[in-house]
Amino acid sequence: MQLDAALYGILQVLHDQKPHALEAVAQKAKLSPDAVRRSLTELEQHAWVSVQREKNDSFILTKTGQQAIQEKGLPEMKLLELLHAQPLELQKIQSHFSNPQTFSVAFGLAKKSNWVSIQKKEDKTLLEITPLGKKAATNSPTFHVLQAIAREEEVEQNAPTVIELKARGLIESKTRTEELMTITPKGLEILKTAIPISQTKIAQLTPELIVSGKWKDAAFKPYDVHLPVEETFPGRLHPLTHTMRDIRRIMVEMGFYEMSSPLVESAFWNMDVMFIPQDHPAREIQDTFYLPGKAVLEDAELVKRVKATHEHGGKSGSKGHGYEWNPAVGMQLLLRTHGSATTYRTMSLPQKMPVKRFSIGRVFRNEAIDATHLAEFHQVDGYILAEGMSLRHLMGIVQEFYAKLGLKEIKFKPTYNPYTEPSMEAYAYNPKLKKWVELINSGVFRPETLKPLGINVPVISWGLGVERLAMLLHDKKTTKEVMGPEVDLDFIRTYNETTHTWEGNEKLSVLEKKLSGRDV
Amino acid sequence: MVMLETSLQNINGYMKKPLTITKLEETLYQMGLELEDANPAETKIDITAERADLVSTPGLARALNAFLGYTKGVPSLEKKKSDYKVILEKSVQPVRPYTAAFVVKNVRLDEEKLKEIIWVQEKLHATFARDRKKASIGIYPLSVIHWPISFKGMKPHEIKFQPLEMQTTLTGKEILEQHPKGKKYAHLLKDLPIYPVFMDAKNNVLSMPPIINSHTAGKVTEKDRELFVEVSGHYWPTQSAICDILALLFSDMGGEIYEVHVEFPERTISTPELHMHEHVLEVELVNQTLGTNLQADKIVPLLESMMYNVTKVNPKQITVQHPLFRADVLHPLDLVDDIARAYNYANLKPVAPEVYTVGGILPQTQFEDDVKSCLVGLGFQEVITWVLTSHEHHFAAFNREESEHVKLGMVKEQGLTMCRNMLYPETMRALLANRSKRLPFKLFEVGHVIVVDAKTDTGTRTRSKLCVVLAHATSSFTEMKAIAEAIARQIGVQATYSTEKLPGFIEGRTAKMQVGKLGGFMGEMHPEILQRLGIQVPVTILEMDLE
């Protein structure tokens, strides 16, 4: 059978059936003692090796002890050596010791053992070596023991010298476990038939292993396929972008060409051209972000026509609002409040009928932000400028749009907008929530808004808020969950296009529809 | 939008035939109004902004009666003759030049009706009268008045009376400073040299419009069966309209309406005027707009059910009359709108427009899509952040010097002071909001910034930009440069780089770049900023123009 090379090596060393110390085994098997210890667990488990563990107290040198060995003598011997020739002044002796602590230990010991005598001459203190001291200088049994310990020889634990050395902090005791390993009969049997294989199991196949051919000697470490791994996230578009792209696709499929306009507008284009009277509540700072500065109203003739229309209807056939229209109010700068600003800017450019245009862009409302209101959000706006458009055609295009979103049941309700007449709200039945939702606002543009632009046919227009639709599609309850920096990054990372559908609708999901190409 | 709070019982009190809540809901839907709360005891109905005449239970009931065919045409109102006079003196002309008024007799007021009157007064003030700016309404018990009434302008300190709800006599000026209504509407009077006052023949102050009635004129209570109603202001059509609406209201409540002669310096008018406006409606316009094929004789009943009078009919034209307070009818198309409601939108069959046009997206949009696809392919997630921000965050937080930008005026949401002129400080908000999520952060944003540009009509320009944010333990300039190269290749141009010092970025690890005609920069964010913002990994930024 195949056996790990390390285990094989150890068993081989032990094959004489004699007990061997672990360190010795390690040396002979050319392994580190730690490696042997690791393998020992396995060997014991298989019952191929038996182990006898003995606790052994031994001593090792401390740092100070090592220092003494290096200096070839204990501090007190140094002291005696200094006094060998003649008595010396205490101060002078002290100066030979770099560590005053060491000196006081040496001096204390020397005094106690009567190796020195102290004399006072005049003001000085003199130390003189005694005959006892002379003998001790050359023969320090304590030092001999220290040297023995340094050589890792065994010493008697309770010997006074050992105790002294311990007390002086020159040695410390260490408990060692000695392992004696002996092969078992089972182990012997295994050894007879075993074939050693390379010790390393490959965790990662490397180019070096491939090229060198060393992979042949190796085994692959198996993985546990059930273990969880760290998440990895694909690059993704924002879920709101997906919604906007779906809307874009629908518009383009219906023959609408995109239009755009800047985010900063003049009140003239955002409201006045749309026949919203200058004292209308929606124009107040409550709802609109006004900016400092003034716009230039480039087309003076258009300004005149709009003024006339507001005041008495101009050439539109209307009574007008009947107040004095102030161009200064029109010159106010603001952040556009609706996508209709783009529509009117575009309609004012020379166009040849028929025209179908749409925009998807950001609009701004000066509101306190809460669960259902944002200061910035996206609107879709579309219009049709063609001969013969009527309210029924508006209903037709809105119905078509809802159908492409997968909402087939719809109903219309009259409503009011200052710039469309008639106006409509379109409700669709949401099978997921089992209720009617109103997403689309629409109408026929008022002639007061079209006549100054030179347009003499009815223009139908409709729009919706992107975030509201996105919230329905992605099952979110608040607008901040689909728009803005606080949108959960994990939602963006894991957003799944196939969830972008209405449940309970027997028709295909949006994605399936796209793939099958079927007109549902 | 005004919410009318009433009850089914209250409504049915004015109906020719009682309604169930279901029938009410259906009818309102068809008319274009909305039943917000279907609780018969506390019914809430959303009235659209253009119909000030419907903001009362009798007013709504009037419309319902006509719509359901129980009545027909313009609601009639009998104006009885009288000698009541209000003299508009020259002195008041500069400040409050017009007034329209009438007297009501034999009206039985109960708690419900009083509530209704106060409600209507409030709503008309708020909407039609633009928060008392255009006009204000005063209602007084007739009994305390000595005729004729004078409407005059007086110096603020010369006006002295005890206002309603106060115990002491105050001057005009003091009322603006001390009375709750005075303080609220002070802005309408305080800059004028004279204030208007209604005084009766015995020189008792009746009121100081648009602020408050006097204590002697008193409040209207359930016991009063005769009232004096006036509407004063700056704009005659609005006041006359409000006066007519109120007259109708009191008439519906069972009162008799008596004229008041308003003596202007040049002429005398009898109010309520009850003027009608006439339109000639082309039958063709109706059918063109709605997509129908209705004959004139079919259109007439539809108009009458929407409270219009038809005075002349021929197959091509219908002459229509409506009261002046239908201020929303400016163009014959407004009549068409009402015809459609009466006809019922549910009866209009949708038809697909047969208009051949070729659809498409703008080249800029396509370009942005390509850039986005490149980044998604490189494993980045798209974020969308706000255009509006604060100076503190947009400049100071990133050690940026204030550069030319567009400031905001008055703002409701605290903390918004400007429009962004750079993308990365705002894209970084997405990182900051999601900092507890798993690394690495590989984010990008394609968005608009607003820059100052004197050459445009608004003095600003909206520009499309790309921002890429790389944040993980080993994010670096080198890694970002590889991304810049990938983008440049996608666009099909060469990118060139030059060392640049940018505040907020590590010196020596920042570069300006030129990707074809598009400029940009990239760099490793300075740790001072990272530490301040509580970010624990290095962040590398790339930002470039996309147009």
Side-chain angles (χ1 to χ4, degrees), chain A residues 231 235-238 240-241 248 252 255-258 260 262-264 266 279 285 289-293 295-296 298 317-319 322 333 354 356 366-369 375-376 384 386 389-393 395-397 399-400 412-416 421-422 447 458 483-486 489-490 492-493, chain B residues 29 32 48-50 130 237 288-291 330-334 337 340-341 345 348-353 355 357-362 365 372 375-388 406-413 429-430 433-434 437-438 448 450 457-460 462:
Chain A
E231 274 179 298
R236 292 222 63 100
L237 288 174
H238 198 281
L240 205 65
T241 302
R248 228 172 60 187
V252 171
F256 285 74
Y257 192 84
E258 197 182 5
S260 75
L263 299 178
V264 174
S266 63
D279 66 351
I285 50 173
F289 283 112
Y290 282 102
L291 309 172
V296 170
E298 291 164 324
S318 161
K319 254 170 70 183
L333 284 175
K356 282 163 39 200
N366 195 353
E367 292 196 302
I369 296 170
E376 309 178 35
I384 301 180
M389 289 297 104
S390 72
L391 191 61
R392 284 177 63 204
H393 292 105
M395 289 177 168
I397 196 89
Q399 187 179 56
E400 194 66 52
F412 299 99
K413 178 171 168 284
T415 188
Y416 167 75
E421 189 83 346
M483 169 64 192
E486 285 161 54
L489 188 60
D490 286 336
I492 299 173
R493 283 168 163 170
Chain B
Y29 183 90
T48 46
E50 85 287 18
R130 301 281 195 256
Q288 251 179 16
T289 310
L290 302 181
L330 302 173
H331 187 283
L333 212 54
D334 293 301
D337 171 67
R341 294 175 198 229
Y345 275 32
L348 290 168
K349 196 156 170 267
V351 59
V355 177
T357 53
V358 176
I361 59 175
L362 294 166
T365 309
K372 286 194 195 189
L375 282 154
V376 168
L378 288 166
F380 284 77
Q381 282 108 31
E382 186 187 11
V383 295
I384 305 181
T385 65
W386 308 122
V387 164
L388 303 180
V406 175
K407 290 194 198 20
L408 291 177
M410 270 266 289
V411 164
K412 250 191 185 165
E413 177 66 28
R429 283 196 200 260
N434 283 288
K437 302 276 147 73
R438 185 88 65 103
H448 290 121
I450 301 179
D457 66 336
T458 58
T460 67
T462 304

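The chains referred to below are lettered A, B, ... by the order of the sequence lines, with proteins before strands, and numbering in each begins at 1. Only heavy atoms go into these numbers, but all of them, side chains included; no hydrogens, no water, no symmetry mates.
Between A/K413 and B/G32, the closest heavy-atom pair is NZ-O, 3.8 Å. The heavy-atom pair separating A/L489 from B/N434 by the smallest distance is N-OD1, 2.9 Å. Closest heavy-atom contact between B/T289 and A/P422: CG2-CD, 3.8 Å. Annotation for A/P292 and B/G409: closest pair CD-N, 4.3 Å, computed over non-hydrogen atoms. The minimum heavy-atom distance linking A/S390 with B/Q288 is given by the pair CB-O, 3.2 Å. Shortest non-hydrogen contact noted between A/Y257 and B/L362 is CE2-CD2, 3.8 Å.
In this structure, the portion of A/I384 lying under 4.5 Å from any heavy atom of chain B is its side chain and not its backbone. Contacts of A/Q399 with chain B are made by side-chain atoms alone, with heavy-atom separations under 4.5 Å and no backbone atom involved. With a 4.5 Å cut-off on non-hydrogen atoms, A/E486 touches chain B through its backbone and its side chain both. Using a 4.5 Å cut-off between heavy atoms, A/L237 contacts chain B through both its backbone and its side chain. Using a 4.5 Å cut-off between heavy atoms, A/F412 contacts chain B through both its backbone and its side chain. Heavy atoms of B/Y29 lying under 4.5 Å from chain A belong to its backbone as well as its side chain. Neither the backbone nor the side chain of A/P458 comes within less than 4.5 Å of any heavy atom in chain B.
Among B/K372, B/K349, B/M410, the residue making the largest number of heavy-atom pairs under 4.5 Å with chain A is B/K349. Per-residue counts of heavy-atom pairs under 4.5 Å with chain B were compared for A/Y416, A/Y290, A/F256; the largest is that of A/Y416. Looking only at heavy-atom pairs under 4.5 Å with chain A, the residue among B/T460, B/V383, B/L388 that has the most is B/L388. Of the listed residues (A/M389, A/H238, A/M395), the one with the most heavy-atom contacts under 4.5 Å to chain B is A/H238. Of the residues considered (A/G317, A/G293, A/P262), A/G317 shows the highest number of contacts with chain B, using heavy-atom pairs under 4.5 Å. Your options are B/T385, B/V355, B/T48, B/T357, and the one with the most heavy-atom pairs under 4.5 Å with chain A is B/T357. Counting heavy-atom pairs closer than 4.5 Å to chain B, the top-ranked of the candidates A/T415, A/I397, A/L263, A/L240 is A/L263. Listed options B/D334, B/V406, B/L348, B/T365 were ranked by heavy-atom pairs under 4.5 angstrom with chain A; first place goes to B/D334.
Side-chain N or O atoms of A/D490 include none that pairs as donor or acceptor with a backbone N or O of B/K437 at under 3.5 Å. With hydrogens and angles ignored, the 3.5 Å screen pairs no side-chain donor or acceptor of B/D457 with any backbone N or O of A/A295.
Scored by the side chain to side chain donor-acceptor pair (under 3.5 Å) test, A/S260 finds no partners at all (sequence neighbours excluded). Applying the salt bridge (Lys or Arg N to Asp or Glu O under 4.0 Å) test to A/R392 and every residue at least two apart in sequence or in another chain returns nothing.
Note that the CG atom of B/D337 and the CD atom of A/E421 stand 3.5 Å from one another [nearest 0.5 Å]. Separation of atoms CD (B/Q381) and CZ (A/R236) is listed at 9.0 Å; rounding is to 0.5 Å. Here B/T458 contributes atom OG1 and A/L333 contributes atom CG; the two are 6.0 Å apart, rounded to the nearest 0.5 Å.
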- Message: Assess the residue pair A/E231 and B/R438 against the criterion (side chain to side chain contact (heavy atoms under 4.5 Å, CB included)); give the C-alpha distance rounded to whole Å, side-chain angles, the decisive distance to 0.1 Å, and a yes or no.
- Response: CA-CA 9 Å; A/E231 274 179 298; B/R438 185 88 65 103; 3.4 Å; yes

- Message: Between B/Y345 and A/L391, does the side chain to side chain contact (heavy atoms under 4.5 Å, CB included) criterion hold? Intermediate values first, please.
- Response: CA-CA 9 Å; B/Y345 275 32; A/L391 191 61; 4.0 Å; yes

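Contact of the A/T241 side chain with the B/I384 side chain is registered, since non-hydrogen atoms from C-beta on lie closer than 4.5 Å. B/E382 has its side chain out of reach of A/I492: every pair of non-hydrogen atoms, C-beta onward, lies at least 4.5 Å apart.
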